[in-house]
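Every value quoted in this text rests on a predicted model; they were computed, and no experiment measured them. Labels below follow one simple rule: chain letters A, B, ... track the order of the sequence lines, proteins then strands, and each chain is numbered from 1. Side-chain atoms are counted along with the backbone in the values below, which use heavy atoms only and exclude waters and symmetry mates.
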Amino acid sequence: MKYKAGAIEGKWQKRWDDERLFRCPDDLSAPKYYCLEMFPYPSGRIHMGHVRVYTIGDLIARFKRMRGYQVLHPIGWDAFGLPAENAAHRHGTHPAKWTYENIDFMRQQLKELGISYDWEREFATCTPDYYRWEQLFFLWMIKDGLAYRKRASLNWCEECQTVLANEQVNRDGTCFIHDQTPVTQRELDQWFLGITKYADELLAGHEELRGGWPENILEMQKNWIGRSEGAEIDFPLPGGGKITVFTTRPDTVYGATFMSMAPEHPLVMEFARKAGREKEVREFVERVARQDRIARTSEDLEKEGIFTGGHCVNPLTGKEIPIFAANFVLYDYGTGAVMAVPAHDQRDFEFAKKYRLHVEVVIQPEEELSSETMTCAYEGPGRMAGSGPFTGKDSEEGKRDITRHFEEKGIGRGKVQYRLRDWGISRQRYWGCPIPVIHCRKCGIVPVPEKDLPVVLPEDLPYTREKGNPLALADSWTRVACPSCGAQARRETDTFDTFFESSWYFLRYIDPKNGLEPLDPAKMKAWMPVDQYVGGVEHACMHLIYARFFHKYLRDRGLAHGNEPFQRLLSQGMVCMATQECPKHGWRYPEEVDAAGMCMQCGEKVAVGRSMKMSKSKRNVVEPSALVERYGADTARLFSLFAAPPEKDLDWSEQGVEGAFRFLGRAYRLVAQRQKAVSAASRQAGDSGGKGRRVRQVTHRTLRKVTGDIEERYHYNTAISAIMEMVNFLYLVEDGEWESPETSPALREAVEVLLLMLSPFAPHLADELWEKIGCEGMACRQPWPEADDDMARAEEILVVVQINGKLRSRITADADATEEEIRSMVLNDPRVREYTEGKTLKKLVYVPRKLVSIVTS
RNA sequence: GCGAGAGUGGCGGAAUGGCAGACGCGCCGGACUUAGGAUCCGGUGGGCAACCAUGAGGGUUCAACUCCCUCCUCUCGCACCA
């Protein structure tokens, strides 16, 4: 009677596989349900975060299948990316080999977990069969003017002779490989996608998503897109030309007493040259270029700047104002230049104080300000002052009037500005999808003709530790004839950002083998949108916005169907575990610490730190394979779902896992021990009254609760609790009752319902026990049982009584007692009388079927 | 810094305006047993009590873990990690 997970799980995984149970045919024979989890990067092995997300997705997929849907539940590999190249650097393994080996290993791990995927739709994004289509999309985007080139600055390591990702730059601004080499900024021509063209639609789409997406994710996206309304205003240069700025406060232009420009702005050095200030300005610009971006946007950043030597004219006051280069102005936001209004912008105020610049108050709040005495900027609304014909107006009105004034004079215009920037997609990397363009000396940039796609990444390149991108060194690959003039030309050696691949993989799953076109629109129409998407909150802004953008673009090209790709989103929390640190040996893996909490290497007491996100670097990780081997996949799955609701962080606990294992063993023994009695029992569980009725009430109440928790609340931990309670209840049923014809039909029903409810959580165990009690087929293929409302309904209700806010009594009443009946029961209750005796009843609140609240004098 | 979250027994959590602590872990006790770190049964927030308890302080309400304000602590994201 012992619960042996290993044998059970192997047996059922094989059967599911042999019967191709989770294969999803293209043609629909039932309503469709597309359940998708964010696909993994093949980093080497599955980690607990994967176990969590795939378990959640599988629960939903299995539940919906039982609910009668035809479920599409695919998996694949987000297979291009930096870690493969880092591994190549460290171990000399070729990125392709490393990636494919990892995929094979991780596929096996996923199969061991018993996740119900349609493996026939699996693909890896690093294969030409996949990426050829995104090369095609890119050519379309060039034609549609959505992809364009622009200079942008990047992290550069002189030693590596290559561009570095932000994560490859150390905190002190040195290279992650060469910690003596400072990382510099270098300007390169890059490809950008015009995602900002869709900014308004991405924002408006939130209306459609509200309800299906967590509100906090929508909020984060809204802030990421960052729509702000204002005006673009031209500030003329004395020698001709102009500088355009964006401001949300056109009402304060009269107070603009200087201008600040991003140090990277090309005009900065131009002004400096003309004014003979080249040396000091260049020094400043180079210093700022070394500051990292996060620091540069923080409010406590020391505001620094330098006078460029140039001036421009405030278009309203007509005065010449100095132009500064300032570290807090960003080149890629707005126009890279801002008008500085020190009286009404805190950053400008700090800057003006530091460099003794003129402060001019042009908005007066209730309590009058003076530029001499103010200690911080006033950023609120007010009455306009010192503003020529606009003086005295309300500042809100002033925004509109001044914008109109500029529009009439043709030197400014109302403008909506987004914080969202166009998406830079060029990567100077080898392990990515080649950007399909050719650089010709004569014709410039020439897209690779569609008929020549795919541009295949040469996987047979010797991946050495040479400097720079190996692609650029592969002469035989880069040297091509220009498709336009035939002259010798060179392929682009940059590859796509890997977010490119993850922006449309969910569409390709619907049509993964199509060799003629990227996607079949009819299939898209049949299967999109994704009904449930599950993934980590860390993707709230980037991946999810890019994917929504791609989908809208493909819709505009007539390929995709609908406006939004993901109808519902569940963003699960992280998996955390306590860290353990040895005073001598640093972070310790759990298996490096003995039962007494001592380091197994040196015997020193290990310090237990607070729970943090599982990570290799802190060694606070649990290997899923070890877990599956010891307890089985069902235990791993059950614990992941039981330890916390999906959206919250989950604290890993070995003891908690034991508990989950124990519960499964308990359920196994309960059923296995009653196997004979249950299979012999009649299936006609009528309403016989007595104990049988009690059993049926518990069954149907549990079923109602579990169904609601899964389907509506997405709280799997409480669903499991309810199932546990039911098991506890069934343990108290006596031997005779399992045999008795009075009660055994109800108990048989209870066991069957129990196994069906367990099936999406612990599918192997459920199928095994289903077979044991002599039921046909498999539990996972049965329809989800329907709760009988008559049975589930309570016959008696408990009404609690509060007197002056304190709980004083409880009464039980018939479930359909009227308010009058309950009131009189309450008022006649001896405990209530004790507290109300001699007092006047000021108020009585009745919450139907729950509570009576009495207020006395 | 900006943005988004979280804070409840010894621990994970439950309760989304209506009995605070469901369920699980741990702990305590009992049964079975040659044995128990297996299994089964029971108990378990604090306080002798009145009562007190949901990070701290205030507010709204008949009623606040839940709503509002102020503060503290922690976590995640910030555009080349995926």
Which part of the nucleic acid, if any, lies within reach of [X] when heavy atoms closer than 4.0 Å are counted: base, sugar-phosphate only, or nothing?
{"X": "A:R713", "answer": "sugar-phosphate"}
{"X": "A:Q428", "answer": "base"}
{"X": "A:S653", "answer": "nothing"}
{"X": "A:E219", "answer": "sugar-phosphate"}
{"X": "A:H539", "answer": "base"}

Task: Upstream residue (5' side of RNA chain B) when A:E725 and A:V855 are each assigned their closest nucleotide - done: A:E725
TODO: For the side chain of A:W224, starting at C-beta, report the closest nucleotide among B:A79, B:C40, B:A14.
DONE: B:A79
Open item on the list: Pairing check on B:C40: which nucleotide meets the Watson-Crick or G-U wobble criteria with it, both distances under 3.5 Å?
Closed with: B:G30
Task: Rounded C1' spacing from B:A31 to B:A38 in Å - done: 14 Å
Open item on the list: It should be established whether A:R669 places a side-chain nitrogen or oxygen under 4.0 Å from OP1 or OP2 of nucleotide B:C40.
Closed with: yes
Open item on the list: Check the phosphate of B:C40 against A:R662, side-chain N and O only, distance under 4.0 Å to OP1 or OP2. Yes or no?
Closed with: no
Task: Ring geometry between A:Y631 and A:F661 (parallel below 30°, tilted from 30 to 60°, perpendicular above 60°) - done: perpendicular
